[in-house]
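Since this is a predicted model, take the numbers as computed values, not measurements. Atom set for the values below is all heavy atoms of this structure, side chains included, hydrogens, waters and symmetry mates excluded.
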Amino acid sequence: MRLLSRKATCNSHGQDSSYFLGWEEYEKNPYDEVDNPNGIIQMGLAENQLSFDLVECWLDKNPDVSGFKRDGKSIFRELALFQDYHGLPLFKNALVDFMAQIRGNKVTFDPNHMVLTAGATSANETLIFCLAEQGDAFLLPTPYYPGFDRDLKWRTGVEIVPIQCTSSNNFRITESALEQAYQDAKRRNLRVKGILVTNPSNPLGTTLSRAEFNLLFDFIEDKETMHLISDEIYSGTVFSSPRFVSVMEILKEMNPNDAAKLWNRVHIVYSLSKDLGLPGFRVGAIYSENDAVVAAATKMSSFGLVSSQTQYLLSAMLGDKKFTKKYLSENQKRLKVRQRMLVTGLQKAGIKCLKSNAGLFCWVDMRHLLCSNTFEAEMELWKKIVYQVGLNISPGSSCHCTEPGWFRLCFANMSQHTLNLAMNRLKNFVAHSTGSDDGGSSSTTLRKSFSNWVFRLSSRDHRAPEER
């Protein structure tokens with residue numbers, strides 16, 4: 001008899017991916033400018049820490065809000081009591097207005113069609129539970145966020161079938177790749193219930209084009225049980241052209257008769273984790289015009305609610321239109337400057353990256369540093385960068401990229417000094433990469449510790465390109 005359930009002991013969580021294992025190594029030896037200057041710099045975490053000062057300034061000017069007061073009187077007891085899982089109306093109104101503001105007020109959102117969740121992770125999983133059965137499939141363009149292997153599959157039992165995108169067209173979705181993924185699912189006897197895209201893309205840092213959206217709409221239009229989920233948690237990070245275009249804006253511009261066939265099958269996931277830099281607040285949302293989806297997701301949201309205190313504080317912050325206008329503008333300027341610092345630093349090291357206009361990261365091309373065009377070579381390079389260079393970056397294989405040698409590097413979760421140090425480390429590594437494999441006794445020890453999980457990575461990250 002099993003002590004634990006199959007769900008508790010199964011290996012489908014994705015925790016053995018190099019994406020998460022790199023975090024583990026960072027946590028054992030984290031860089032600190034004073035206490036551990038030779039430690040590993042975390043470049044595998046897509047956090048936005050560039051504009052905390054703006055949020056802190058607002059909090060200083062609004063002490064009653066953070067002190068849970070209204071008109072100078074405490075509302076602690078009101079917020080401490082049980083709240084309906086539909087969420088505080090004041091917060092939902094402020095959140096939909098903020099979403100519209102990010103989209104240039106070209107679209108509006110009805111708070112009655114919004115479901116609050118504890119972050120985008122919960123929002124995505126809840127939507128999958130609502131739309132698909134165990135054994136069904138969703139199509140995702142590659143490369144995609146490694147956490148989707150956990151968020152979409154682990155508890156739902158739904159499969160992910162990759163839409164294989166390549167560097168030949170800057171990883172854009174094509175009709176042939178979409179059809180190939182659909183046929184792959186059919187060969188596996190999987191019923192395809194939808195497509196999920198991230199817009200802007202994680203890990204590419206690019207926005208989807210209108211042509212790509214039209215391709216997706218054409219694809220699902222005549223498949224009456226197929227949905228489209230647009231994860232737009234990076235929508236406020238677009239710092240240069242082309243501008244961000246939401247899936248809802250495309251729908252609004254369509255012929256009404258064509259749009260009518262799609263409204264109930266298009267859904268948005270959003271969060272304040274990236275745009276406002278508040279992942280610890282655990283604020284996510286589902287937006288859908290489908291009443292049945294909203295009703296089901298609302299009931300499911302009781303497993304991951306947003307605290308009343310968080311909703312109260314953020315309703316005041318997001319309701320301050322002067323603040324949100326200044327924040328979005330200044331944050332985008334800072335992201336643009338920081339992204340340029342990373343790109344310039346990489347160029348000095350002889351490394352190129354995909355042209356990007358959004359996000360907290362760059363998609364970096366290190367194919368020329370591989371000893372062979374294999375994922376084994378990618379993992380060897382990644383190990384050297386983690387242990388010898390002291391940078392935790394995300395290998396493309398963890399994002400299910402079809403081509404070895406691509407990596408995601410984050411730039412918004414550290415100081416300017418730390419980013420410069422990271423670029424100097426990488427530049428020195430590239431300059432000496434043709435020499436002997438040095439590193440001293442400490443690097444030898446680190447490599448020995450790494451050997452404990454090389455086998456664990458083999459099934460997920462070491463497949464040849466044609467098998468992925």
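Panel note: side chain E47, backbone N413; no donor-acceptor pair is recorded below 3.5 Å. Distance alone, capped at 3.5 Å, is enough to place a donor-acceptor pair between the T142 side chain and the I163 backbone. The main-chain N or O of Y312 is found under 3.5 Å from a side-chain atom of S315 such that the two form a donor-acceptor pair. Between the side chain of N62 and the backbone N or O of M317 there is no donor-acceptor pair closer than 3.5 Å. Judged purely by atom type and a 3.5 angstrom limit, R265 uses its side chain to pair as donor or acceptor with the backbone of K223.
Figure legend: cation-pi geometry between R408 and F361, with NZ or CZ positioned under 6.0 Å from the six-membered ring centre and within 45° of its axis.
In this structure, G396 and E378 approach most closely via the heavy-atom pair N-OE2, 3.6 Å. Across S167 and W406, no two heavy atoms sit closer than the pair CB-CZ2, 3.7 Å. Residues Y234 and G359 share a closest heavy-atom pair of CD2-CA, 4.1 Å. Of all the heavy atoms in L139 and A181, the pair that sits closest is CD2-O, 4.1 Å. Minimum interatomic distance between F91 and L314 (heavy atoms only, all atoms of both residues): CE1-CB, 3.6 Å. Residues D64 and G72 come closest through the heavy atom pair OD2-N, 3.3 Å.
Interatomic distance, CD1 of I229 versus CG of L196, reported as 5.0 Å (0.5 Å rounding). Atom OG of S230 and atom CD1 of I195 lie 11.5 Å apart (nearest 0.5 Å). Q309 CD to S66 OG: the interatomic distance, rounded to the nearest 0.5 Å, is 13.0 Å. Considering CG of N264 and CD of E224, their distance stands at 12.0 Å, rounded to 0.5 Å.
A heavy-atom distance below 4.5 Å is found between the side chains of M99 and M114. In this structure, V283 and L276 have side chains that are not in contact, with every pair of non-hydrogen atoms separated by 4.5 Å or more. In this structure the side chain of F323 never reaches within 4.5 angstrom of the side chain of C57, judged on heavy atoms. Counting only heavy atoms from C-beta outward, the side chains of V197 and Y144 never approach each other to under 4.5 Å. You'll find the side chain of E159 reaches within 4.5 Å of the side chain of K153, heavy atoms only. Proximity of T108 to V96: side-chain heavy atoms (C-beta onward) are nowhere separated by under 4.5 Å. L354 has its side chain within reach of N170: a pair of non-hydrogen atoms, C-beta onward, lies under 4.5 Å apart. In this structure, the side chains of C410 and L45 stay at 4.5 Å or more apart for every pair of heavy atoms.
No more than 12 heavy atoms of other residues, nucleotides or ligands sit less than 6.0 Å from atom NZ of K325. Sparse packing is recorded around CD of E133, with 12 or fewer heavy atoms of other residues, nucleotides or ligands lying under 6.0 Å away. No more than 12 heavy-atom neighbours from other residues, nucleotides or ligands sit within 6.0 angstrom of CZ on F76.
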Using the rule given for side-chain contact (heavy atoms from CB on, under 4.5 Å), can you reason through K333 versus K336, listing the C-alpha separation, both sets of side-chain angles and the distance that settles it, and then say yes or no?
CA-CA 5 Å; K333 289 177 183 176; K336 185 175 183 178; 5.8 Å; no
Run W58 and V65 through side-chain contact (heavy atoms from CB on, under 4.5 Å) and show every step you take.
CA-CA 10 Å; W58 186 90; V65 177; 4.1 Å; yes
For V343 and C362: C-alpha separation, side-chain torsions, deciding distance, then whether side-chain contact (heavy atoms from CB on, under 4.5 Å) applies.
CA-CA 8 Å; V343 171; C362 286; 4.0 Å; yes
So L335 and N48, side-chain contact (heavy atoms from CB on, under 4.5 Å) or not? Walk me through it.
CA-CA 9 Å; L335 287 171; N48 183 6; 4.2 Å; yes
Can you check side chain to side chain donor-acceptor pair (under 3.5 Å) on N392 and Q42, steps first, answer last?
CA-CA 5 Å; N392 175 40; Q42 175 63 289; 2.7 Å; yes
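Qualifying side-chain hydrogen bond (donor to acceptor under 3.5 Å, both in side chains) partners for T418, counting only residues two or more places apart in sequence or in other chains: S415. Residues passing the salt bridge (Lys or Arg N to Asp or Glu O under 4.0 Å) test with E249 are R210, R243, sequence neighbours excluded. The salt bridge (Lys or Arg N to Asp or Glu O under 4.0 Å) test applied to R77 returns no partner, not counting sequence neighbours. Evaluation of the salt bridge (Lys or Arg N to Asp or Glu O under 4.0 Å) rule for E33 yields no partner, not counting sequence neighbours. The salt bridge (Lys or Arg N to Asp or Glu O under 4.0 Å) search around D53 returns R334, not counting sequence neighbours. With sequence neighbours excluded, the residues satisfying side-chain hydrogen bond (donor to acceptor under 3.5 Å, both in side chains) with Q180 are D184. Taking Q339 as the reference, S356 meet the side-chain hydrogen bond (donor to acceptor under 3.5 Å, both in side chains) condition, with sequence neighbours excluded.
Screening residues 238-285 for ring pair (Phe, Tyr, Trp, His ring centres under 6.0 Å) gives H227-H267 as the qualifying pairs, with residues at least two apart or on separate chains. Note on residues 106-130: pairs passing ring pair (Phe, Tyr, Trp, His ring centres under 6.0 Å), not counting sequence neighbours, are F109-Y287. Among residues at least two apart or in separate chains, salt bridge (charged side-chain N to carboxylate O under 4.0 Å, His left out) pairs with a member in residues 297-324 are D97-K321. Sequence neighbours left out, the pairs with a member in residues 178-223 that pass ring pair (Phe, Tyr, Trp, His ring centres under 6.0 Å) are Y182-F219. Screening residues 278-289 for salt bridge (charged side-chain N to carboxylate O under 4.0 Å, His left out), with sequence neighbours left out, gives no hits.
Side-chain contact annotation: N199 with E232, donor-acceptor N/O pair under 3.5 Å absent. Between the side chains of D275 and Y327, not a single donor N or O lies within less than 3.5 Å of an accepting N or O.
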